[in-house]
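All remarks here apply to the structure that follows.
For the numbers below, each heavy atom of this structure counts, side chains included, while hydrogens, waters and symmetry mates do not.
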Amino acid sequence: EVQLVESGGGLVQPGGSLRLSCEASGFTFSSTSMQWVRQAPGKGLEWVSTIHNSGSITTYADSVKRRFTISRDYAKKMLYLQMNSLKPEDTAVYYCNLVGPFNNYWGQGTQVTVSS
């Protein structure tokens, strides 16, 4: 059974940084591309970043390019999102999930609030 547990969110001032983590289990992590998506208050899901199963290819939404970095640790089966230079518009619940037809598994998400 696919299980995803996000953590690392919190309250941070504009310009600050956070590192989100996603603990993954129940599937072959090394064969699966992974992504981060977010949902801001009153808005739908927004794709943030994807990392290929090989880890060699990463892509980002224009809104987070040069500020966020996605990475993965195969030994620990962990997915990460390093977020720098945070802006108020980054405020959202952040979720990790699988890329492809098996992307209908969700953790509880982790809340990121950027405010002074």
Side-chain angles (χ1 to χ4, degrees):
E1 185 90 351
V2 172
Q3 191 165 3
L4 304 166
V5 182
E6 300 93 341
S7 62
L11 175 64
V12 64
Q13 294 183 344
S17 298
L18 285 173
R19 188 196 192 203
L20 306 184
S21 297
C22 171
E23 184 179 354
S25 62
F27 63 99
T28 306
F29 182 75
S30 62
S31 299
T32 306
S33 296
M34 300 291 292
Q35 66 184 354
W36 287 96
V37 298
R38 66 187 182 184
Q39 187 167 32
K43 298 184 178 180
L45 289 170
E46 177 190 16
W47 170 76
V48 175
S49 181
T50 296
I51 185 166
H52 192 261
N53 55 21
S54 69
S56 299
I57 302 172
T58 57
T59 54
Y60 301 90
D62 289 341
S63 59
V64 306
K65 284 182 179 176
R66 297 183 298 276
R67 299 190 297 118
F68 292 10
T69 302
I70 190 171
S71 62
R72 64 196 299 165
D73 186 317
Y74 295 93
K76 297 179 179 179
K77 296 193 290 184
M78 296 283 287
L79 180 73
Y80 303 102
L81 185 68
Q82 178 66 47
M83 306 185 297
N84 298 326
S85 302
L86 283 162
K87 304 175 181 179
E89 51 262 45
D90 295 319
T91 296
V93 178
Y94 285 72
Y95 302 91
C96 64
N97 78 335
L98 289 65
V99 173
F102 298 99
N103 69 342
N104 59 336
Y105 298 93
W106 301 90
Q108 79 286 351
T110 186
Q111 175 71 51
V112 173
T113 302
V114 184
S115 176
S116 59

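To the nearest 0.5 angstrom, K77 atom NZ is 11.0 Å from T32 atom OG1. One finds the CE atom of M34 at 10.0 Å from the OG1 atom of T50 (value rounded to the nearest 0.5 Å). In this structure, the separation between CZ on F29 and NZ on K76 is 12.0 Å, given to the nearest 0.5 Å.
Proximity of a side-chain donor or acceptor of Q111 to a complementary backbone N or O of G9 within less than 3.5 Å is not detected. The backbone N or O of L4 lies less than 3.5 Å from no partner atom in the side chain of W106, so there is not a single donor-acceptor pair.
A heavy-atom distance below 4.5 Å is not found between the side chains of C22 and Y94. The shortest distance between side-chain heavy atoms of T59 and W47 falls below 4.5 Å. Annotation: side chain of E6 is in contact with side chain of Q108 (closest heavy-atom distance under 4.5 Å). Side-chain contact between I51 and S49: absent, with no pair of heavy atoms (C-beta onward) separated by less than 4.5 Å. L81 is not listed as a side-chain neighbour of R19, based on a closest heavy-atom distance of 4.5 Å or more.
Annotation for S21 and M78: closest pair CB-CE, 3.8 Å, computed over non-hydrogen atoms. Summarising the geometry of S116 relative to P14, their closest heavy-atom pair is N-CD, 3.7 Å, with the distance given to 0.1 Å.
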> Can you check side-chain hydrogen bond (donor to acceptor under 3.5 Å, both in side chains) on S17 and N84, steps first, answer last?
Replying inline: CA-CA 4 Å; S17 298; N84 298 326; 2.9 Å; yes

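The salt bridge (Lys or Arg N to Asp or Glu O under 4.0 Å) search around E46 returns R38, not counting sequence neighbours.
Other residues, nucleotides and ligands place more than 12 heavy atoms under 6.0 Å from the CD atom of E89. Residue-environment remark: CD (Q82) exceeds the threshold of 12 foreign heavy atoms within 6.0 Å.
No path of Ile, Leu, Val, Met, Phe, Trp and Tyr side chains, each step under 4.5 Å between heavy atoms, connects L79 with V93, placing them in separate hydrophobic clusters. One hydrophobic cluster, built from ILVMFWY side chains closer than 4.5 Å, holds both Y74 and L98. In the hydrophobic clustering of ILVMFWY residues, with side-chain heavy atoms under 4.5 Å counting as a link, W36 and V2 come out together. There is a path of hydrophobic side-chain contacts, each under 4.5 Å, that joins V114 to V48.
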Let me have the donor-acceptor pairs involving side chains of residues 61-71, under 3.5 Å, with sequence neighbours excluded, atom names and distances please.
unit_1 : atom_1 : unit_2 : atom_2 : d
D62    : OD1    : K65    : NZ     : 3.0
R67    : NH1    : S85    : O      : 3.0
R67    : NH1    : D90    : OD2    : 2.8
R67    : NH2    : S63    : O      : 2.8
R67    : NH2    : D90    : OD1    : 3.1
R67    : NH2    : D90    : OD2    : 3.4

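For residues 96-105, the side-chain hydrogen bond (donor to acceptor under 3.5 Å, both in side chains) pairs, not counting sequence neighbours, are Q35-N97.
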